[in-house]
Each structure stands twice: as structure tokens, then as C-alpha cells.
Amino acid sequence: MNISSFLSSITTPRIDDLKKGNIPKHVGIIMDGNGRWASRRKLPRILGHKAGVQSLRQAIATSIKIGVKYLTVFAFSSENWERPKKEVDFLMGLFVDCLNEELDSLNKNGVRIKIIGDRKKSPQKLRDSFRNAESLTSGNSKLVFNIAFNYGSRQEIIKAIKNMYEDAKKNKIEIEKLDEDTFSGYLYTGKTPDPDLIIRTSGEYRISNFMLWQSAYAEYYFTKTLWPDFNTSHYLKAINAYQKRNRRFGKV
Ligand code: IPE
Ligand code: IPE
Ligand code: MG
């Protein structure tokens, strides 16, 4: 063992050790910093997005390995349409390619894919990939992998209210009896348990319209690491930090 591998072995929490502790059931990731990763290398931004795919693969594999049951990644926000058309078009193509290429392996590993967000605005090819991925993996239960695409939490809340209003008119629900669980059920995340841990990469300390309602009691973990550099050991460090938190939920 050379010095650098020894150093990394003592700073990186080991999976076996982490598994003795409390593993978050639901992890959310705001995968940020692809553009800056590319710019620092004098590369076009789109290559940063491409490089980020490898980090996502590792995050999925590590989630399965340590026993995370739900992984929700912020892939494209409702606000990201405002980016240059070239970048948006590239991202749409990248989503289609990735879904198609990874689908078989995700399915074989027991991953259930779900899309959260308003997919109506997406290109037909991508909508087909979404539908195919969701239907092929619908029977899997090892890990629920939510892809937040054209997702915005405020928009999600407004949509939930509109749908609730329609159901109330049809006497399917009674507004007087509305409680938190019923409301949550109208969100894209439906019956998914609330996230326990939300990770944001790239050194930004904001949540950019991601799971506002759902994250009421989530633990946040911010790291300066840019998304394409975020690997398994970074993820394990985040889990380790989570395990040291004292979650009180308003109690003592
Ligand atoms: C995150 O990386 C990916 C998406 C938002 C689609 P960015 O593209 O936001 O990268 P930065 O923040 O500009 O570095
Ligand atoms: C949040 O990142 C959205 C995704 C990671 C998909 P942004 O880069 O869009 O967020 P801001 O603009 O820095 O708030
Ligand atoms: Mg960004």
C-alpha cells in the first residue's frame, strides 16, 4: 500500500462500517457544477454534462450497495429551459442516450425508474424513453430511482392544488379533512417517504426549487466538489456526515 492509498483508506468511511449505522432511506442529489467542471478544463459546458454521467452511475451503484431505498436526482429543472438552445438540446439527447444505454443494467440490478416533473414539455423521443424505462422496471424494488426532469417544486405544489381542487369538486376528497399525508399524495413523489438527506455539489448553498415540501426535515449536505468529480468516496463521506447528525424533528 503506498502513502496515497493508505491516506484515502483512513479518510474514506468504509461501506461495512457505514452499514452498521443509520442509512438514509431516501437520498436526494442536486447534481450541480457540470458547466464549471468543463470551463475549468477549457472545454465546452456540454462535456461537463457528459462527464457527470459517470458520477451518477456511481451514486446509483453505491446507493444499492449501502441499502438506500430511494434515490432522487435533480437532472433538469423547470428553469433550465432558459439555457442556450444548444445546451438544452444536448441535454435532451444525453438523457435519451443514457436511459437507453443503462436501462438493461439498471433493470437487472433491481432498479425501479420513475420520472418526477412535467414530462409533457419534453421531446417525443425522450417521453418514449421515459415510458419504456418506467414500464420495464415497474416490478423492481431494490432501489427506486426518481429522475427529476423538468421539475420545479413550486410548480409541483400548484399542480397538486389544482388536482385536489378537481377531486374536491367530484367529492373524491373533503378539503376540511385535508392533512399532510393526503397533500403529499398529490405531489409527483406520491407515497415516496420524505428525503432524509439532500446533497448538493459545486459549492452552492441553495436548493433551487428542489423538493421544498418534501424536505421539511431533510438533512442537507453541501460540498464544493463539482458533480463530475463526485465519486463513491464523496458519497460515503456524505452518508458518514449524515450519520453524525442529531435529527430531533422538533423534539428534545
Ligand atoms: C448541473 O450542472 C446540470 C444541470 C443543471 C442540468 P450545471 O450545468 O448547472 O453546472 P454549473 O452550475 O453551470 O457549473
Ligand atoms: C439546479 O442547478 C438544477 C439541477 C441540478 C438540475 P442549477 O445550476 O440550475 O441551479 P442554480 O441556477 O445555480 O440555482
Ligand atoms: Mg448549476
Side-chain angles (χ1 to χ4, degrees), residues 26-60 63 70-99 101-102 113-123 125-127 129-130 133 145-157 159 187-189 192 195 197-215 218-231 234-235 238:
H26 183 178
V27 176
I29 308 183
I30 303 173
M31 310 182 290
D32 196 19
N34 296 351
R36 277 163 283 169
W37 182 92
S39 301
R40 281 179 201 173
R41 287 166 177 74
K42 306 219 176 339
L43 297 169
R45 291 177 52 86
I46 55 170
L47 292 184
H49 298 311
K50 212 172 163 191
V53 176
Q54 180 56 32
S55 301
L56 183 52
R57 261 192 220 111
Q58 288 188 57
I60 297 169
S63 296
Y70 299 84
L71 174 68
T72 303
V73 299
F74 206 178
F76 193 85
S77 78
S78 351
E79 292 75 30
N80 288 149
W81 296 106
E82 307 293 323
R83 293 185 176 203
K85 187 176 181 307
K86 213 180 124 205
E87 181 171 342
V88 171
D89 288 347
F90 178 84
L91 280 166
M92 297 303 137
L94 184 68
F95 295 145
V96 173
D97 292 348
C98 284
L99 268 172
E101 280 162 28
E102 307 290 333
I113 299 172
K114 284 188 177 178
I115 312 303
I116 61 168
D118 183 3
R119 69 182 82 188
K120 280 202 295 284
K121 215 179 157 185
S122 59
K125 245 181 143 177
L126 184 54
R127 255 185 290 167
S129 298
F130 284 157
F145 175 45
N146 291 319
I147 305 172
F149 170 82
N150 189 19
Y151 175 87
S153 189
R154 286 186 164 184
Q155 293 85 333
E156 174 186 40
I157 290 169
K159 187 174 182 281
L187 299 172
Y188 288 122
T189 38
T192 309
L197 168 66
I198 294 185
I199 299 168
R200 181 170 189 148
T201 57
S202 89
E204 306 294 357
Y205 300 95
R206 55 176 172 264
I207 50 175
S208 304
N209 207 8
F210 186 56
M211 296 208 282
L212 302 178
W213 166 276
Q214 297 90 329
S215 66
E219 293 296 326
Y220 281 95
Y221 179 85
F222 296 100
T223 169
K224 284 200 164 62
T225 306
L226 302 173
W227 178 248
D229 292 326
F230 191 86
N231 59 26
H234 294 104
Y235 190 14

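Whatever order the structure lists them in is the order used to number ligands and atoms, beginning at 1.
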>> Residue-level breakdown please: for Arg36 versus ligand 2, do any non-hydrogen atoms fall below 4.0 Å on the side chain, on the backbone, on both, or on neither?
In response: neither
> What protein heavy atom sits nearest atom 9 (O) of ligand 2, and how far off is it?
Replying inline: Asn80 ND2, 2.9 Å
> Taking atom types as modelled and ignoring hydrogens, do the side chains of His26 and Thr72 form a donor-acceptor contact shorter than 3.5 angstrom?
Replying inline: yes
>> Does the structure place the NZ or CZ of Arg40 under 6.0 Å from the centre of the six-membered ring of Trp37, at an angle of no more than 45° from the ring's axis?
In response: no
>> If you measure every N or O of Arg45 against every N or O of ligand 1, does any of those distances drop under 3.5 Å?
In response: yes
> Which heavy atom of the protein is the closest neighbour of atom 12 (O) of ligand 2, given with residue, atom name and distance?
Replying inline: Arg206 NH2, 4.5 Å
> Any N or O on Gly35 sitting closer than 3.5 Å to an N or O of ligand 1?
Replying inline: yes
> Would Ala75 count as a contact of ligand 1 if the rule is a heavy atom under 4.0 Å away?
Replying inline: yes
> Of all the atoms in Asp32, is at least one N, O or S atom closer to the Mg ion (ligand 3) than 2.8 Å?
Replying inline: yes
> For ligand 2, which atoms sit closer than 4.0 Å to a heavy atom of Arg83?
Replying inline: 7 (P), 8 (O), 9 (O)
>> Below 3.5 Å, N or O to N or O, backbone or side chain included: is there any such pair between Asp32 and ligand 2?
In response: yes
> Looking at ligand 1, does Gly33 have a heavy atom less than 4.0 Å from it?
Replying inline: yes
>> For the aromatic rings, using the six-membered ring if either is Trp, is the centroid distance between Phe95 and Phe149 under 6.0 Å?
In response: yes
>> With side chain to side chain donor-acceptor pair (under 3.5 Å) as the test, pick out the partner of Asn34 among His49, Lys50, Arg45.
In response: His49
>> So, 4.0 Å and heavy atoms of His49: is ligand 1 close enough to count as a contact?
In response: yes
> If we ignore angles and hydrogens, is there a donor and acceptor under 3.5 Å between the side chains of Tyr220 and Ser215?
Replying inline: yes
> Is Arg36 paired with Glu204 through a side-chain N to carboxylate O contact shorter than 4.0 Å?
Replying inline: yes
> With a 4.0 Å heavy-atom cut-off (strictly under), which part of Phe76 contacts ligand 2: side chain, backbone, both or neither?
Replying inline: backbone
> atom 5 (C) of ligand 2: which protein heavy atom is closest, and how many Å away?
Replying inline: Met31 O, 3.4 Å
> Atom CD1 of Ile113 and atom CZ of Phe130: how far apart are they, to the nearest 0.5 Å?
Replying inline: 10.0 Å
> Nearest protein heavy-atom contact for atom 2 (O) of ligand 2: which residue, which atom, what distance?
Replying inline: Arg200 NH2, 3.7 Å
> Is ligand 2 under 4.0 Å from a heavy atom in the side chain of Ala148, in the backbone, in both, or in neither?
Replying inline: neither
> Without hydrogens or angle criteria, can the side chains of Arg200 and Thr223 be said to hold a donor-acceptor pair below 3.5 Å?
Replying inline: no
>> For Tyr235 and Ser63, which I'm curious about, is there any donor-acceptor pair between the side chains at under 3.5 Å?
In response: yes
> Numbering the atoms of ligand 2 from 1, which are under 4.0 Å from a heavy atom of Ser208?
Replying inline: 10 (O), 11 (P), 14 (O)
